[in-house]
Amino acid sequence: MRVPRTLDDLTWPVRTERLLIRRVSPTDAAAVWRYRKLPAVYDWITTAPVDEAAFGTYFVDPHRQAVTLAVELEGLVIGDLYLHIEDAWAQTEVRDEARGVQAEIGWAFDPEQGGRGLATEAVEGMLGICFTGLGLRRVVASCFADNTPSWRLMERIGMRRETHAVSESLHRSGLWLDGYGYALLAEEWRA
Ligand SMILES: CC(C)(COP(=O)(O)OP(=O)(O)OC[C@H]1O[C@@H](n2cnc3c(N)ncnc32)[C@H](O)[C@@H]1OP(=O)(O)O)[C@@H](O)C(=O)NCCC(=O)NCCS
């Protein structure tokens with residue numbers, strides 16, 4: 001039976017041209033809160049704790065730590081990445097072969113560092129971690145259709161828009177918004 005690799009099996013940190021990607025630690029909470037508290041970020045992210053104490057509690061949760069990577073530029077944490085290895089849907093008889101074969105990915109970056117391709121570079125680094133490091137076959141990501149910077153990033157790194165769901169997701173503003181689903185296969189990434 002195939003044994004899926006996990007983030008614990010990889011060598012850290014991972015370096016890209018300008019950045020260092022590493023496992024996050026509870027001591028990163030203040031650095032991550034510094035940009036996650038900003039409207040340009042919290043407007044779009046899934047969970048937006050109201051203050052630093054609440055954010056600290058959320059961030060140090062072992063489940064959160066296990067799926068979060070820190071992105072450093074010259075020693076400063078400028079963003080964080082979400083990498084959640086998951087099972088693909090499969091029929092019952094072949095379910096074991098579909099375990100841990102794909103990942104959902106996500107990101108949040110300090111807007112002060114935006115517009116220089118740093119998030120793009122970090123997410124490209126994460127694709128390398130997914131496909132080469134972990135040997136995954138597919139990576140997926142989703143966003144609100146109104147989150148233009150996020151879906152532009154996905155298109156820049158070669159992800160394919162596969163779904164446009166109409167009025168499917170409830171934003172904390174109270175509005176039901178459209179959502180986009182993107183994906184990339186290992187063979188597409190290699191090409
Ligand atoms: C999504 C997010 C990371 C995108 O940030 P960003 O600054 O647009 O992304 P990058 O750092 O990769 O920079 C890309 C921009 O730099 C430009 N750029 C400059 N040098 C570049 C380079 N070497 N490589 C790539 N792009 C470069 C690009 O053209 C692009 O500008 P444009 O959008 O005007 O075309 C950021 O908006 C964010 O963190 N948002 C809040 C959190 C969020 O939405 N998370 C996702 C929830 S689904």
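Position 1 is the first residue of the sequence; numbering continues from there. Quick caveat: nothing in here was measured; it's all calculated off a predicted structure. Both counts, for ligands and for their atoms, begin at 1 and track the order of listing. Atoms considered below: every heavy atom in the structure, side chains included; atoms not considered: hydrogens, waters and symmetry mates.
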Atom 34 (O) of ligand 1 has as its nearest protein heavy atom Arg152 NH2, 4.2 Å

The atoms of ligand 1 lying under 4.0 Å from a heavy atom of Ser142, numbered in the order shown, are 48 (S)

Looking only at heavy atoms, the pair that brings Val41 and Pro111 closest together is CG2-CD, 3.8 Å

Q: Could you tell me whether some N/O pair between Asn147 and ligand 1 is separated by less than 3.5 angstrom?
A: yes

Under 3.5 Å between any N/O of Ala119 and any N/O of ligand 1: does that happen in this structure?
yes

Between the CZ atom in Arg172 and the OG1 atom in Thr46, the distance rounded to the nearest 0.5 Å is 8.0 Å

So the atoms of ligand 1 within less than 4.0 Å of a heavy atom of Ser150 turn out to be 1 (C), 46 (C), 48 (S)

- prompt: Is the closest side-chain heavy-atom distance between Phe109 and Leu81 below 4.5 Å?
  reply: yes

Exercise for review: Would you kindly confirm whether Val32 and Ile105 end up in one hydrophobic cluster when ILVMFWY residues are joined by side chain heavy atoms under 4.5 Å apart?
Suggested key: no

Does Phe109, backbone or side chain, put an N or O under 3.5 Å from an N or O of ligand 1? yes

Q. If you measure from each heavy atom of Arg156 to ligand 1, is any distance below 4.0 Å?
A. yes

**Prompt:** Is it true that Pro111 lies under 4.0 Å from ligand 1, counting heavy atoms only?
**Reply:** no

May I ask you to check whether Val41 has an N/O atom sitting below 3.5 Å from an N/O atom of ligand 1?
no

Pairwise side-chain contact, Val139 with Gln102, heavy-atom cut-off 4.5 Å (strictly under):
no

Near Cys143 (heavy-atom distance under 4.0 Å), the atoms of ligand 1 are 48 (S)

Notebook entry, point to check: In terms of hydrophobic clustering (I, L, V, M, F, W, Y; side-chain heavy atoms under 4.5 Å; direct or indirect links), are Leu76 and Phe59 co-clustered?
Noted result: no

If we ignore angles and hydrogens, is there a donor and acceptor under 3.5 Å between the side chains of Tyr35 and Asp80? yes

Would you say atom 48 (S) of ligand 1 has a protein heavy atom nearer than 4.0 Å?
-> yes

Using the rule that Ile, Leu, Val, Met, Phe, Trp and Tyr join whenever any side-chain heavy atoms are under 4.5 Å apart, tell me whether Leu38 and Phe55 fall into a single cluster.
yes

Nearest non-hydrogen protein atom to atom 26 (N) of ligand 1, with distance, is Gly117 CA, 3.4 Å

heavy-atom search around atom 42 (C) of ligand 1 in the protein gives Trp107 O, 3.9 Å

- Kindly confirm or rule out an N or O of Gly115 lying under 3.5 angstrom from an N or O of ligand 1. yes

**Prompt:** Is Val77 reachable from Leu73 through a run of hydrophobic residues whose side-chain heavy atoms are each under 4.5 Å from the next?
**Reply:** no

Of all heavy-atom pairs linking Leu184 and Phe131, the shortest is O-CZ, 3.5 Å

With Glu188 as partner, the option from Met159, Arg160, Arg138 fulfilling side chain to side chain contact (heavy atoms under 4.5 Å, CB included) is Arg160

*Counting both backbone and side chain atoms, is some N or O of Thr120 under 3.5 Å from an N or O of ligand 1?*
yes

Check your understanding: Within a distance of under 4.0 Å, is there any protein heavy atom near atom 36 (C) of ligand 1?
Key -> no

The closest protein heavy-atom partner of atom 40 (N) of ligand 1 is Ala40 O, 4.2 Å

Below 4.5 Å, heavy atoms only, C-beta onward: do Trp107 and Ser150 meet side chain to side chain?
yes

Counting from 1 in the order shown, the ligand 1 atoms closer than 4.0 Å to a non-hydrogen atom of Gly114 are 7 (O)

May I ask whether atom 18 (N) of ligand 1 is less than 4.0 Å from at least one protein heavy atom?
-> yes

Next item on the list: Determine whether any heavy atom of Ala108 lies closer than 4.0 Å to an atom of ligand 1.
Entry: yes

